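In this text, all values refer to a predicted model and were calculated from it rather than measured experimentally.
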Amino acid sequence: PRRSSGLVEDVINDNEVIGITFCAGPECMSDAFVKFLADTSEYIHTWLELGVMSLNDETLSRIGMKHTRGDVRGVIQELMGTQLRIAPHIVLGLPGESDDMMRDTMRETAALSIQGINIHHYYLLNGDPLVDQYNRGELQLLEREHYVSLVCDFIETLPPDVVLHRIVGEADRERLVAPQWTLERKETLTLISAEMENRNSSQGKKLVELPSEFGV
């Protein structure tokens, strides 16, 4: 829209601004928006936080997302060759996802042509439609130790040049339902760092190449 374009133009012309980030789901990536992002990236350091969530189509359907794994790959392929930097948003511990499903998402995400990533765990806020299910004991959320192990697995899978924009989620204390360890962001980061040290590991240590059908 013209108004949005004008606001971005104001940002680009502000000498104190060195970069800009847009957040959007794959279903929002119209031809016009893709061109807008590509054009903007020619003038300023530009990131797109792409709301992927998971690369499992069953999970995406279950949580009500409007895109598929194929849509994600299509968007990233369309933006290849531009100056735009892409950082998918991946959530671990989504309802119904097993460790194997999450690791499939990790491996396939690592095979995409991305420059950064945002990772956090699934948590419940007041008003979330699954709160009642959680209160009845019908929904299990990740324990912190489990999340730490999974996110370290993820980091080991990612290419070393992918920027880790976020590896721990955070939520407003007044709105958070569970898990309560979400409020202890600094402590969780410390545990992740310690786990990587305990493993004597590093980003990309377990990077594997997937068949070409996965990578774009």
Side-chain angles (χ1 to χ4, degrees), residues 18-26 41 45-56 59-60 69 72-73 75-77 79-94 97-123 141-171 179 181-182 184-216:
I18 62 172
I20 187 169
T21 298
F22 296 90
C23 301
S41 68
H45 188 91
T46 307
W47 284 93
L48 169 65
E49 183 177 330
L50 191 63
V52 173
M53 312 297 281
S54 169
L55 284 173
N56 182 281
T59 299
L60 292 171
R69 179 179 70 171
V72 173
R73 288 160 55 186
V75 166
I76 292 175
Q77 188 167 21
L79 289 167
M80 287 174 65
T82 71
Q83 306 260 356
L84 185 69
R85 296 164 175 82
I86 301 173
H89 179 186
I90 302 292
V91 179
L92 300 178
L94 288 167
E97 284 225 308
S98 65
D99 283 11
D100 285 344
M101 293 163 72
M102 285 185 271
R103 290 193 175 98
D104 283 343
T105 289
M106 295 177 196
R107 288 190 293 269
E108 294 185 31
T109 301
L112 296 172
S113 180
I114 60 174
Q115 292 72 46
I117 195 163
N118 292 270
I119 311 168
H120 71 76
H121 63 289
Y122 179 70
Y123 51 82
L141 303 179
L142 290 178
E143 298 289 344
R144 177 155 61 181
E145 294 76 11
H146 191 183
Y147 177 74
V148 167
S149 178
L150 287 169
V151 81
C152 288
D153 291 345
F154 206 164
I155 292 170
E156 290 176 332
T157 305
L158 290 167
D161 59 349
V162 169
V163 180
L164 303 178
H165 287 207
R166 175 173 51 177
I167 56 173
V168 175
E170 54 187 319
W181 60 264
T182 303
E184 300 171 352
R185 183 173 181 274
K186 184 176 180 180
E187 292 85 345
T188 303
L189 284 169
T190 298
L191 289 172
I192 292 171
S193 178
E195 175 63 14
M196 293 296 287
E197 289 186 14
N198 288 339
R199 295 184 183 192
N200 191 27
S201 193
S202 59
Q203 184 174 335
K205 185 171 183 177
K206 295 185 179 179
L207 176 64
V208 295
E209 290 191 11
L210 290 176
S212 58
E213 63 189 87
F214 292 109
V216 292

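Although no hydrogens or angles enter the test, the distance criterion places no donor-acceptor pair under 3.5 Å between the side chain of Glu97 and the main chain of Val91. At distances below 3.5 Å, at least one donor-acceptor pair connects side-chain atoms of Gln115 with backbone N or O atoms of Ile86. Put simply, the side chain of Thr157 gets close to the backbone of Asp153: a donor and an acceptor are under 3.5 Å apart.
Minimum heavy-atom separation, Ile76 to Ser113: CG2-O, 3.5 Å. Heavy-atom minimum distance, Pro179 versus Tyr123: CD-CB, 3.7 Å. Contact record, Thr188 with Tyr147: CG2-CD2, 4.5 Å, taken as the closest heavy-atom pair. Ile114 approaches Pro88 most closely through the heavy-atom pair CG2-CD, 3.7 Å. Taking each heavy atom of Leu207 and Ala110 in turn, the nearest pair found is CD1-CB, 4.2 Å. Of all heavy-atom pairs between Pro26 and Val75, the closest is O-CG2, 4.0 Å.
For Glu187, the CD atom sits in a packed shell: over 12 heavy atoms of surrounding residues, nucleotides or ligands are nearer than 6.0 Å. The number of heavy-atom neighbours closer than 6.0 Å to CG of Asn200, taken from other residues, nucleotides and ligands shown, is 12 or below.
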Requested in this report: Decide yes or no on side-chain contact (heavy atoms from CB on, under 4.5 Å) for Thr109 and Phe154, but give the supporting numbers first.
Outcome: CA-CA 9 Å; Thr109 301; Phe154 206 164; 4.1 Å; yes
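Looking at His120, His121, Arg144 one by one, the single match for side chain to side chain donor-acceptor pair (under 3.5 Å) with Thr182 turns out to be His121. When each of Met196, Glu197, Glu195 is paired with Ser193, the side chain to side chain contact (heavy atoms under 4.5 Å, CB included) condition holds for Glu197 and for no other.
Using a 4.5 Å heavy-atom threshold, the side chains of Thr59 and Thr105 count as separate. Contact annotation: the side chain of Ser54 never approaches that of Glu108 to less than 4.5 Å [non-hydrogen atoms, C-beta and beyond].
In this structure, Ile155 CD1 and Leu164 CG are separated by 5.5 Å, a value rounded to the nearest 0.5 Å. Ile119 CD1 to His89 NE2: the interatomic distance, rounded to the nearest 0.5 Å, is 9.5 Å. Of the inter-residue distances, the one linking Met102 atom CE with Asn56 atom CG reads 11.0 Å to the nearest 0.5 angstrom. To the nearest 0.5 Å, atoms CD1 (Ile90) and CD1 (Ile167) are separated by 15.0 Å. The SG atom of Cys23 sits 8.0 Å away from the CG atom of Asn118 when rounded to the nearest 0.5 Å. In this structure, CG on Leu141 lies 10.5 Å from CG on Leu94, to the nearest 0.5 angstrom.
His165 and Trp47 have perpendicular rings, their planes meeting at more than 60° on a 0 to 90° scale where under 30° would count as parallel.
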